[in-house]
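Inspection log for the structure reproduced underneath, given as structure tokens.
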Protein chains: 2
Amino acid sequence: MASSEKEALKVAYGTENPKRIPAHQQVYFKLREQILFGELAPGQPVTIQGLVENLEAGMTPVREAIRRLTAEGALEFQGNRRVTVPTPTPSGIEELIYARQAIEPELVRRAAKIITADDIESLTKIDNELDAAITRGDVGAYLRHNYAFHAKLYAVAQSPILTEIADGLWLRFGPSLRVVCGRIGTQNLPDEHKETLQALSVGDGARAAEAIRQDVMQGMQQVKDSLNL
Amino acid sequence: MASSEKEALKVAYGTENPKRIPAHQQVYFKLREQILFGELAPGQPVTIQGLVENLEAGMTPVREAIRRLTAEGALEFQGNRRVTVPTPTPSGIEELIYARQAIEPELVRRAAKIITADDIESLTKIDNELDAAITRGDVGAYLRHNYAFHAKLYAVAQSPILTEIADGLWLRFGPSLRVVCGRIGTQNLPDEHKETLQALSVGDGARAAEAIRQDVMQGMQQVKDSLNL
DNA sequence: CACAAAAAGATTTGATCATATTCTGGCAGT
DNA sequence: ACTGCCAGAATATGATCAAATCTTTTTGTG
């Protein structure tokens with residue numbers, strides 16, 4: 001995600017000055033959230049008119065948001081003017097596994113070089129909230145905090161292109177993750193975050209990268225397994 | 001638009017069935033070509049109204065195409081509603097180098113497992129045309145055939161997600177590549193394609209992947225070097 | 001009086017909407 | 001099953017409104 005858009009996101013959620021945000025961006029962010037955190041299930045059709053009512057927006061902005069998310073792989077063009085949330089396939093998951101383990105550890109390596117104590121503190125805080133969500137079995141909160149942890153790492157890495165790619169990957173498996181959690185709950189979910197934080201705090205980028213790789217692989221493995229049920 | 005032009009478009013973009021192509025897709029493909037093959041220079045502003053006239057399309061389709069290309073990183077949101085072709089930065093190029101050498105060799109490994117003699121033949125044909133373009137110093141043809149070679153490899157690999165990512169990367173450095181060729185001509189350009197083809201024809205996926213990695217790295221290195229001039 | 005900063009106005013461009021048109025898929029009737 | 005028709009959804013247009021940039025004029029100061 002481009003940094004100017006991160007600004008827009010902040011504004012959209014009221015943490016910053018009241019600058020006007022174009023409707024098409026607001027729609028984009030809302031729809032993105034719904035996809036990432038599971039309001040929309042794999043295979044579910046997404047209609048323009050439905051969103052116009054649902055999000056109380058005009059037709060043109062909705063259209064633009066859909067095009068954008070389609071380009072990011074979060075939605076799928078069904079040929080006949082139809083758009084749906086993509087249904088995961090084993091080979092698709094394989095591709096995502098490769099891509100994530102190729103990209104995310106590199107982002108962590110980059111983050112490790114320039115991470116500050118403040119960053120580590122806020123990562124720790126996110127991870128604690130994540131633990132709390134797990135113990136109380138709150139799937140929605142788990143998904144949000146888990147993403148927040150990784151997203152914060154990306155932000156630290158200051159590598160906008162790799163971050164956009166990684167974010168794009170999240171959009172592709174987000175709906176599946178929700179399904180997995182619906183099946184197995186929040187127990188037994190991967191969490192190599194402690195190890196990652198430990199390594200980052202002593203400046204060991206290689207170990208941190210490997211820990212995240214483990215985290216990623218375990219999570220994707222569960223998605224893969226849940227497909228064969 | 002005259003129907004003969006629509007026909008031409010269908011042929012140009014390989015849509016066989018006689019279905020009508022939505023205007024927003026036509027605009028997308030046209031604009032994508034212009035970005036990939038250098039009609040648009042880095043830093044150049046892209047206006048909606050300009051494209052409406054230039055491509056003889058309506059406003060909504062142009063808008064949608066721009067959103068899509070922005071999502072793919074081919075265009076950049078300039079905060080104040082403005083959209084431009086991104087200007088390359090050294091750190092951006094570094095990111096692209098990492099991403100390409102992480103993704104493309106994997107695609108070649110996958111391609112190597114299932115490539116057919118026909119595929120190799122058509123790759124060879126493309127590479128010959130590429131050589132011809134180089135010897136006659138035809139930059140436009142070089143860019144097109146070079147892309148065609150890589151794109152054909154992606155197609156063989158049958159990995160749609162990794163292919164989309166790789167295509168996205170091309171869109172990001174395409175404009176820079178044009179600039180490089182404008183500076184140094186078509187001589188001294190990387191070409192490990194022969195080695196790749198050789199390895200593929202004997203089923204040596206690892207060697208083919210490494211050859212492509214070399215090709216990618218050499219090309220990106222030249223882009224990087226040309227930035228410091 | 002010269003110059004530059006600021007204000008006002010004009011113009012270009014983007015955002016959004018209402019509306020007309022085109023297409024798809026389902027359904028009725030054969 | 002097949003065919004033709006219809007409702008509803010998507011696509012596309014052009015008009016309208018709003019924002020940003022550029023241009024010109026005004027104003028203030030040394």
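Every chain is numbered from 1, with letters handed out A, B, ... down the list of sequences. Quantities reported herein were computed from a predicted structural model and do not represent experimental measurements.
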Nearest-Å distance, [atom1] ([X]) to [atom2] ([N])?
{"X": "Gln78(B)", "N": "dT21(D)", "atom1": "CD", "atom2": "P", "answer": "11 Å"}
{"X": "Ile66(B)", "N": "dA15(C)", "atom1": "CD1", "atom2": "P", "answer": "9 Å"}
{"X": "Glu53(B)", "N": "dT12(C)", "atom1": "CD", "atom2": "P", "answer": "11 Å"}

Holding to side chain to side chain donor-acceptor pair (under 3.5 Å), I want the full list of residues that pass it with [X], two or more places apart in sequence or in another chain.
{"X": "Ser159(A)", "result": "Arg110(A)"}
{"X": "Gln221(B)", "result": "Asp225(B)"}
{"X": "Glu129(A)", "result": "His145(A)"}

Under the side-chain contact (heavy atoms from CB on, under 4.5 Å) rule, collect the residues that match up with Gln158(A), sequence neighbours excluded. Ile114(A)
ring-ring contact (aromatic ring centres under 6.0 Å, His included) partners for Tyr142(A), two or more places apart: none
Taking N or O atoms only and anything under 3.5 Å, show me the protein contacts with nucleotides 9-11 of chain D, one pair per line.
unit_1, atom_1, unit_2, atom_2, d
dA10(D), OP1, Ile48(A), N, 3.2
dA10(D), OP2, Gln49(A), N, 3.3
dT11(D), OP2, Arg63(A), NH2, 2.6
dT11(D), OP2, Arg67(A), NH2, 3.2
dT11(D), O5', Arg63(A), NH2, 3.0

